[in-house]
Structures are given as C-alpha cells and as structure tokens.
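The structure appears right after this line, and notes come after that.
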Amino acid sequence: MSETLKLTVDRQDRLAVIYTEGYINNQGGEEIARAADELIGAGHKALVLNLHGTKLVNSIGISILIEIIEKMLEIDGTLAFCCLTPTIEKTFHIMGLAQYARIFKDLDEAVGALTD
Amino acid sequence: MSETLKLTVDRQDRLAVIYTEGYINNQGGEEIARAADELIGAGHKALVLNLHGTKLVNSIGISILIEIIEKMLEIDGTLAFCCLTPTIEKTFHIMGLAQYARIFKDLDEAVGALTD
Amino acid sequence: MASDAILREVSLVLPMVPDMEIAAGKTATALAEFMEMSSDKIDEVRMAVVEACINSFEHSHAADHKVHLNFAVLGSEEPEKLEITIRDSGVGFSPDDVEEPRIEEKLWAARKRGWGLKIIRGLMDEVEIHSGRNGTTVVMRKLR
Amino acid sequence: MASDAILREVSLVLPMVPDMEIAAGKTATALAEFMEMSSDKIDEVRMAVVEACINSFEHSHAADHKVHLNFAVLGSEEPEKLEITIRDSGVGFSPDDVEEPRIEEKLWAARKRGWGLKIIRGLMDEVEIHSGRNGTTVVMRKLR
Ligand SMILES: Nc1ncnc2c1ncn2[C@@H]1O[C@H](COP(=O)(O)OP(=O)(O)O)[C@@H](O)[C@H]1O
Ligand SMILES: Nc1ncnc2c1ncn2[C@@H]1O[C@H](COP(=O)(O)OP(=O)(O)O)[C@@H](O)[C@H]1O
C-alpha cells in the first residue's frame, strides 16, 4: 500500500532519465518497465535509471528490469543506472546485470558518458 | 550499544548550544545533564539544546533534563530547546516542560530570542 | 460498519535488554507505514511503543525476561486503526494507584521519573492497561 | 574462543502478505544496528531477509500463512555475528535442484526470475537451507 514507487521522467533528446522514489518490488519493476517502453517507443535510445530515491529493491522487481535490457539490446540503445546504494550495486553485480547495463556514480557522469 | 548519543558543544558568550545526535535514553539524558552542568559551572546563563539530530527520546532520558531546568531556575538562567520533531515537542507539552523551558523552531530563532 | 476485522497481524518477542525497544519501534513503524499513517502519527506510535517496552523491561521482573508484542491492523476494508499489545508476565501493578505526574512536583523532587504512562496516553488515541499477578498487558490504539 | 553464545534473541511472526517483508527488514536493521555493523552490511542483511521472506510468501503455500523469523546476536562477549532464521511450514523444495540463474540465459527467456537465493548467498557470509515436507528453514549469518 504505502510501498508504491514514484516515478518521474525527464525526456531530453536522445536520452531520457527515469527517477525512482521508493521500493522497487514487483509492481515497482512493472511500472519502470512501462515507463521505459513508452520512452523507447518515443525514440529515446539511451535511458538512465536514477535510483537515488530507492533504498530497497527485491529480486522480483529487478528481474523485470531485464526486459528493458532486452529491448535496449534490440534497438542498439543503452541502459544505464546511477546513484545506486552499495547493496543495490552489489546485487546488480551478483546478477551479472552490470555486463549489460552501465552503472554510474551519479547522474552527471551518466549523462556525460551517454551524450558523448 | 550503537545507541550512544553524540554531543557537540558550542560555547558562545553568555549563551551555549548543545547539539545532540541520536537517541536520548537514560545514558543520553545523563550525558546532556553533565554537559549542561559544566556549561553552567563555566558561567553560561542561557543554554540551547538543539535536538535536530535526535529523532527519538524516552521518558527516562527526558526526565533527567528536568534537573537542568532546576539549575537554570536557581541561577535565573534560561533553558531553551530547538529543532524538535513534532512528537518530541508534543511530549514536552504533555509533560509540562514547555512551561519551564522555551521551545523554538530553529537555532536562529532561539539565539535571537536569548541574546536580545 | 464493523471496523474491527484484523487485516494484518504481526507478533514480536523481545528480550528485556537495553535498546531492544528500538526494534519494537521499528516494527510499529513498518505497520503504520503500511497503513499510510501520517509521518507524525507514525512517530507518536513509535514513541508510545518504546515507552511501553521500557516499562516492561524495567518494572515487570518477568521470569522469562521477554516482552511479547502484537501489532494488528484493524479495519473493515481499508486499514483504520493500529492496535498494539505489549505483554509481560511480570509482577504487575495497579494502574489506578499510579499518581499522575505533575511538573511542578517533579521540580526539586528526588524522583523525577514517572512520565511513561502519561506520555503513552497523550500520544495514543486509546490505551487500556490490564495488570495483575500474571503480568501486565497494555493495549494501545491509534486511528489512521 | 566460543563465539556462539546467544547475546540477544528476537522473534517475529509475519503474515504472508505483500510488503510485510519490510517489517522483517526493519527488525534485522534494529539488531544489526545494535551490533554496530557498518551501514553497508546492515543494508545487505536487510535485503537478504527481505528476499527470504518473499520466497516463503510466494512459494511455501504454508497453511498458517505465516513466516517465523528468529534473530540472534551471537558472540563470546562482544557481538560477532547476526544469525537470522526464516522458517515456513510450507511445501518445501530441493535447494540442490534449483538451477543457478545466469543472466545470459535469462535474457530473452520467458521466466526472468529465480535470483533470490543467489542474491541471499551473495550478500550473506553463510547460508544454510533446510527444506522438506514440513517446510523450509533458511539460516543466514553475517559477521560484524
Ligand atoms: N509493565 C509493568 N510492570 C510493572 N509495573 C509497571 C509496568 N508499567 C508501569 N509500571 C508501574 O507504573 C509506574 C509508572 O510508570 P511510568 O509512568 O511509565 O513511569 P516510570 O517508568 O518512569 O516510573 C512505574 O513506576 C511502575 O511502578
Ligand atoms: N520457502 C520456500 N518454499 C518453497 N519453495 C521455495 C522457497 N524458497 C525458494 N523456493 C524455490 O526455489 C526457487 C528459487 O527461488 P529464488 O532463487 O528465490 O527465485 P524466485 O523466487 O524468483 O523463483 C523458487 O522458484 C522456489 O521453487
């Protein structure tokens, strides 16, 4: 109930940023996937997921994000994450997500790298 | 163990500010009382307890603060609190502490009022 | 409408040792957040639970050295009320014989304590205390 | 030195309903904070507990619809280890038969899930799973 994820989307040019706030569980993961779908549909080829406002994720929520990676690979785009807590970053490494999505310390670093 | 209170003291002229960080329980209350004693001994007649870094107190810790009020009344000094969470402020009102100690929203307000 | 169906129930058993009241406060917070209580109310519930635990830790002398807590989210369909029960199997006391603390009397008194129950009553919407030879049970409720 | 004396022990019973894993995470956090674990380790413990609870919620089909948790701070004098036991009385499973998930295989696969146990093992120092017809017990430990 209270644990609903809040999403904010910032559409730039080629790039778009999704900001999350809250717990990424089942529903949270699905909401992010929906938002990403829309952005991909609208032509954005580089997506940054800014998880600054997310301190907790679960494996179900994260596994849904694998769909976004698939879609990005299909369109030859890039998915990046930034502002991960150490535990979330560790989890992404445990899962091997780090091989298919780029991980940046903060948004500036991510945007810099993706708009070169 | 982990729940130890951290105190920082800022000695100004007549005024001194005690900043707390952490849980004000039994030991926490005693530490504050000791710090206040020292400051009163050193001649400070106005004390501000800045509880910005304290989100939880218990009644044992708070009851120890009544000693500081006594000492302040004895020397005709002033005890003030600032940056209280709404629950801590409510608790001070429930206890009637608010009649004997002044409560300010922030440090600026407290310092302003006490150095007039 | 009946508002007392139990929508969720959590139980917690804590050892009577310093700082364990924090764990009780966190469980209360988790349930209150689930109910989408305002953050101020959540904080009030947390403090009330902390006080009740400390009372059991300090005064009950329960042989099992444990406090038993139950957290129930009550409501008809939507969560309406958080009911927290704090139980010890200690020596008990007579709540009616506890004198209401007054700040005027606590100033310059040797014993400055005795605020816990007053604070609990001030922070919660309903408080019941059942106490006797088999221990003490405090039931407190907060409306969403 | 014997390091397995129980310095503190807390038990928690949760209903198998969404978001209740958060309460388990908060209790784990309270104990880990008490031990003065680093905030990174505390966060790892929290996530591992959340995952284990979700597994019981989702897969156990326990008739009592409850997860039973035990949190024990172990050590000789100082706290050294946090041991968390998550138990359900559900259908059980064979941990050895669970295939290790690999990202290469999950990409373009219909079922992308299956990461919980791997994450738990990656975040905790020791993990034991006992499972059978009477349910599943996961014991996980983290050194301070
Ligand atoms: N769980 C309990 N078991 C036995 N006695 C209790 C319990 N809770 C409260 N009491 C009694 O009630 C009195 C008042 O409690 P309280 O208002 O919390 O103040 P304090 O704990 O500071 O004395 C206590 O001093 C104690 O005698
Ligand atoms: N408590 C449990 N009771 C029954 N089966 C379980 C339990 N925990 C895990 N399992 C089994 O182990 C499998 C792997 O679990 P996990 O790695 O957490 O991934 P996921 O939950 O996403 O499937 C589950 O699909 C389930 O079959």
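Chain letters run A, B, ... following the sequence lines, proteins first, then strands; residues in each count from 1. Just the heavy atoms: all of them, side chains too, but no hydrogens, waters or symmetry mates, feed the values below.
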Original post:
Can you find a pair of side-chain heavy atoms, one from C:Thr29 and one from D:Lys26, that are under 4.5 Å apart?
Top reply: yes

Original post:
Do the non-hydrogen side-chain atoms of C:Val10 and D:Leu12 ever get within less than 4.5 Å of each other?
Top reply: yes

**OP:** Could you tell me whether D:Asn134 atom CG has more than 12 heavy atoms of other residues or ligands within 6.0 Å of it?
**Re:** no

**OP:** Verify the neighbour count for atom CD of D:Glu104: are there more than 12 heavy atoms of other residues, nucleotides or ligands below 6.0 Å?
**Re:** yes

Subject >> Partner residues of D:Leu117 under the side chain to side chain contact (heavy atoms under 4.5 Å, CB included) criterion, sequence neighbours left out >> reply: D:Asn55, D:Phe93, D:Val98, D:Ile120, D:Arg121, D:Ile129

Original post:
When heavy-atom pairs shorter than 4.5 Å are enumerated against chain C, which of D:Ala28, D:Gly25, D:Pro18 gives the highest number?
Top reply: D:Pro18

Subject >> C:Lys66 vs D:Glu9, salt bridge (Lys or Arg N to Asp or Glu O under 4.0 Å): CA-CA, chis, key distance, verdict >> reply: CA-CA 10 Å; C:Lys66 290 193 187 306; D:Glu9 195 168 20; 5.1 Å; no

Original post:
With only heavy atoms counted, which part of C:Leu69 is less than 4.5 Å from chain D, the side chain, the backbone, both or neither?
Top reply: neither

Original post:
Roughly how far apart are C:Leu31 CG and D:Leu14 CG, rounded to 0.5 Å?
Top reply: 9.0 Å

